[in-house]
**Student:** 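Structure in structure tokens, see below.
Computed over heavy atoms, backbone and side chain alike; hydrogens, waters and symmetry mates excluded.
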There are 2 protein chains.
Amino acid sequence: MRKPGKAPTMSDVARVTGVSSMTVSRAFKDDASVSKETRDRIRKAAEKLGYVIDSTASGLSSRRTGFVAVVIPSINNANFADTLRGLTEGLRSTNLQLLLGYTDYDVKEEERLVELFLRRRPEAVIVTGGYHTARCRKFLKNAGVPVAEMWDLPSKPIDHVVGFSNAAAAELMVHHFHDQGFRKIGFIGGDTSRDTRGKDRRAGFVAALEKLGLDTTRIIAWGTPPITMREGASAMRQMLEQWPDTEAVMCVSDLSAFGAMTECQRAGLSVPGDIAIGGFGSYDLSELAIPDITTIDVGARDIGRHVADWLRTVLTDSPGQAVDSVSIEPKLLARGSTLRSLQTSD
Amino acid sequence: MRKPGKAPTMSDVARVTGVSSMTVSRAFKDDASVSKETRDRIRKAAEKLGYVIDSTASGLSSRRTGFVAVVIPSINNANFADTLRGLTEGLRSTNLQLLLGYTDYDVKEEERLVELFLRRRPEAVIVTGGYHTARCRKFLKNAGVPVAEMWDLPSKPIDHVVGFSNAAAAELMVHHFHDQGFRKIGFIGGDTSRDTRGKDRRAGFVAALEKLGLDTTRIIAWGTPPITMREGASAMRQMLEQWPDTEAVMCVSDLSAFGAMTECQRAGLSVPGDIAIGGFGSYDLSELAIPDITTIDVGARDIGRHVADWLRTVLTDSPGQAVDSVSIEPKLLARGSTLRSLQTSD
DNA sequence: TCATCTTACGTTAGCGCTAACGTAGAATCC
DNA sequence: GGATTCTACGTTAGCGCTAACGTAAGATGA
């Protein structure tokens, strides 16, 4: 820790280099008109002084903070991590910085975060999902900056959208089960009051079963989202107790699917011989597990990339030409956990 | 998006409520002396106007930004997520906000992030690990704010430290292997040029083997940290090819351990019957896997909590009384993947 | 009863930076 | 060769807020 006095300012750098502070300011921007020698002199003096430009002050003055507020449900989730990766990569060429927050799947916490973040005057706000508290919606609408909702296709978008239909994705899995000859199909997910994307998946699951004329009662809701592997295992235990003749189970995520599958295996059931299991999210885990787990790839990284593309257009390149919202097409990855034809003899 | 004009300021709120902007400022702080009625009137007017206080300006003026910069290697890692959770919980009572960045295990990227973050004038900086570029160290030392290094016990700490010895943790695993009667012991990890904690674990592994007089050559370095499940599987394939008589393998993380274990199982080897496998980090996965995987719990959440405790002391409560650095004691969790006595007959 | 304290505000002067405009000197043009 | 353009800076004002200080009116004390 540097003790003596306060941090050096631009005028300090200006003084030692014999220029005005405005020239120092210009020397720290890319497009400004400063001669190369002057710029190098200033930069060198700044580095020697330990000067670091103060974004707080420059943001106030220029009215450009360089912040993009991003709110995701969880920081420990391969899918959202992929989206963030796409975002980060797409914004690397800009000088925008992510102001990142996670809600733990709580819209009230989202509201709190959005308010906190808006105080920082971000140049754009990116939220996950299309469900928000009324107050949060108001904040986002009044923010005066571009807003993107991702990972969902809200019926009443606030502004820009990059997402997919969770219900349609769930339908993919149901149809796959049906194609494989399964008829007694269950669903494992968390408490739906929080995870709205999980709720949409479950709704899509039920709707698809109804269209096929199948039983829609085999549903276990267990645990607070994000539902863990352990909770997936507990849920499967309940499922087997309540409906022992279940032929296939769709899980709200790959993690719970893995937990459910290991629970079956511990109970002496063969997957998919005795019961088929599908997941959601295309985690590494679902590819490595034995058997590998059928899942749905939602193109998480693409979501981030699309959001970044839109951001660059709106914030820098050409603010005029609006980019349309993007609808991602989820893909089913059929694997061993639901394919009896692939099953190796044990 | 609100189109007309600019965002309302404090003076706008002051005007409609008939007070000075200073009173509005006070109405948005907790400890200030404003009558309850005036405060309520101001708050109500502000909400109606859609006024949100501007932290950029207040930070510049008060020289307190409310930011705590946090740099972690990865956002998709249950361990660091737990640490962040501990931090977030510990700071909830304050009005400090995390400015979060991830390095992808790259110290050069850490340097870039630290410089970027210092521009925001955080009130403290928290970094992961004790290895930094020279320029990054200089930044941190000159920052003029408290700095914490976590997840490691650096020999030359910059300021505060909350961590554990990765080498000692690896030793725990080696001794466990030895106790179980294993002598031909291997190590699977990523490219050590990046993941310095992984490097320390490997060094501790080698040192422990040497002390026991065992062969230290069975080491596979494969993949860029964070090493994935898939890379763990590939590494195990190489291990079995090069040293088919290996009895036990320590993996740098639970993820690679799971990949390695499934690779063995696919190859028809029994775990732990033919080969024992240990992981690191105590992920959910290691408990659910079949068999469950012996691992090392490093108290990730405690690390975050301790850092938060220290932060509260240094930044608010009583800046004078220094808190000592904290050394966490990793714990070995012995499980099925290394315990032959527990093995069930297949 | 008057000095003293307390409460609840208002005034003034910046925090460190940059937008907008100004300008001297050199380069360019026909 | 005078008008014009360009390059490389400097000057001025102000972004929106708060620290520090000031003050009027009521409360308190002996």
Side-chain angles (χ1 to χ4, degrees), chain A residues 5-43 45-46 49-67 95 116 118-123 144-145, chain B residues 5-43 45-46 49-67 95 116 118-123 144-145:
Chain A
K6 334 183 304 151
T9 71
M10 256 187 190
S11 356
D12 295 325
V13 180
R15 198 172 322 109
V16 300
T17 42
V19 296
S20 74
S21 56
M22 193 63 232
T23 303
V24 178
S25 171
R26 281 193 265 254
F28 278 96
K29 297 206 288 190
D30 289 332
D31 57 336
S33 65
V34 205
S35 72
K36 193 177 176 318
E37 306 97 73
T38 312
R39 177 188 306 241
D40 289 346
R41 243 179 53 235
I42 292 172
R43 294 267 198 158
L49 278 175
Y51 172 72
V52 177
I53 198 168
D54 186 336
S55 305
T56 305
S58 71
L60 178 60
S61 179
S62 68
R63 318 178 120 278
R64 297 211 52 185
T65 58
F67 272 138
N95 43 21
L116 270 179
L118 285 181
R119 295 184 184 175
R120 305 287 181 182
R121 297 294 187 265
E123 302 185 29
V145 294
Chain B
K6 333 181 302 149
T9 71
M10 255 184 191
S11 355
D12 295 325
V13 180
R15 198 172 323 110
V16 299
T17 41
V19 296
S20 75
S21 55
M22 193 63 231
T23 304
V24 179
S25 171
R26 282 193 264 253
F28 278 95
K29 296 206 287 187
D30 290 332
D31 58 336
S33 65
V34 206
S35 72
K36 195 178 175 316
E37 306 96 70
T38 312
R39 177 187 306 242
D40 289 346
R41 243 177 56 234
I42 292 173
R43 294 266 198 158
L49 277 175
Y51 172 72
V52 177
I53 199 167
D54 186 337
S55 305
T56 305
S58 72
L60 178 60
S61 179
S62 68
R63 317 176 122 282
R64 295 211 51 184
T65 58
F67 272 136
N95 44 19
L116 271 178
L118 285 182
R119 296 183 184 175
R120 305 288 181 183
R121 297 296 186 264
E123 302 185 28
V145 295

**Student:** Taking the nucleotide of DNA chain C with the closest heavy atom to each, which residue, A:I53 or B:K36, is nearer the 5' end?
**Tutor:**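 The answer here is B:K36.
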**Student:** List the residues meeting side chain to side chain donor-acceptor pair (under 3.5 Å) with A:T65, not counting sequence neighbours, and say none if there are none.
**Tutor:**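 Side chain to side chain donor-acceptor pair (under 3.5 Å) list for A:T65, sorted by chain: empty.
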**Student:** Closer to the 5' end of DNA chain D via nearest nucleotide, is it A:S35 or A:R63?
**Tutor:**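 Looking at the nearest nucleotide for each, A:S35 comes out on the 5' side.
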**Student:** Heavy atoms only, 4.0 Å cut-off, all strands: where does B:T9 land among base, sugar-phosphate and nothing?
**Tutor:**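 Result for B:T9 = sugar-phosphate.
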**Student:** Using a cut-off of 4.0 Å on non-hydrogen atoms, how would the nucleic acid contact of A:T38 be classed: base, sugar-phosphate, or nothing?
**Tutor:** sugar-phosphate
**Student:** Between A:D40 (CG) and D:dA8 (C1'), how many Å, whole number?
**Tutor:**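 From A:D40 CG to D:dA8 C1': 15 Å.
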**Student:** Please list, chain by chain and in numerical order, all residues satisfying side-chain contact (heavy atoms from CB on, under 4.5 Å) with A:L116, sequence neighbours excluded.
**Tutor:** A:R112, A:R119, B:Q97
**Student:** Between A:M10 and B:R39, name the one whose nearest nucleotide on DNA chain C is closer to the 5' end.
**Tutor:** B:R39
**Student:** Does A:R64 have any salt bridge (Lys or Arg N to Asp or Glu O under 4.0 Å) partners at least two apart in sequence or in another chain, and if so, which?
**Tutor:**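 Result, salt bridge (Lys or Arg N to Asp or Glu O under 4.0 Å) vs A:R64: A:E123.
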**Student:** At how many degrees, to 10°, do the end axes of the helix from C:dT1-D:dA30 to C:dC30-D:dG1 meet when each uses five pairs?
**Tutor:** 20°
**Student:** Using the side-chain contact (heavy atoms from CB on, under 4.5 Å) criterion, which residues pair with A:S25? Sequence neighbours excluded.
**Tutor:**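 So A:S25 forms a side-chain contact (heavy atoms from CB on, under 4.5 Å) with A:M10, A:M22.
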**Student:** Which residues pass the side chain to side chain donor-acceptor pair (under 3.5 Å) test with B:D40, not counting sequence neighbours?
**Tutor:** B:K36
**Student:** Provide the full list of salt bridge (charged side-chain N to carboxylate O under 4.0 Å, His left out) pairs with a residue in residues 9-25 of chain B, sequence neighbours left out, each pair given once.
**Tutor:** B:D12-B:R15
**Student:** Reading DNA chain C 5' to 3', which nucleotide is the first, and which the last, to come under 4.0 Å of any heavy atom in chain B?
**Tutor:** C:dA8 to C:dG16
**Student:** Using the side-chain contact (heavy atoms from CB on, under 4.5 Å) criterion, which residues pair with A:R63? Sequence neighbours excluded.
**Tutor:**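 In terms of side-chain contact (heavy atoms from CB on, under 4.5 Å), with neighbours along the sequence ignored, A:R63 is linked to B:K6.
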**Student:** Have a look at B:S33 and say if it touches a base, only the backbone sugar-phosphate, or nothing, with a 4.0 Å heavy-atom cut-off.
**Tutor:**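 Answer is base: heavy atoms of B:S33 come under 4.0 Å of a base.
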**Student:** Any residue in residues 13-28 of chain B with a heavy atom nearer than 4.0 angstrom to DNA chain C? Just list them by number, or reply none.
**Tutor:**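 Nucleic-acid contacts, sorted: B:V19, B:S20, B:M22, B:T23, B:R26.
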**Student:** Apply side-chain contact (heavy atoms from CB on, under 4.5 Å) to A:S35 and list each qualifying residue two or more places apart in sequence or on a separate chain.
**Tutor:**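 For A:S35 the side-chain contact (heavy atoms from CB on, under 4.5 Å) partners, ignoring immediate neighbours, are A:E37, A:T38.
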**Student:** Taking the cut-offs as 6.0 angstrom to the six-membered ring centre and 45 degrees off its axis, would you call B:R43 and B:Y51 a cation-pi pair?
**Tutor:** no
**Student:** With sequence neighbours excluded, give me every salt bridge (charged side-chain N to carboxylate O under 4.0 Å, His left out) pair touching residues 50-59 of chain B.
**Tutor:** A:R121-B:D54
**Student:** State whether the side chain of B:R39 and the backbone N or O of B:S33 hold a donor-acceptor pair below 3.5 Å, judged by distance alone.
**Tutor:** no
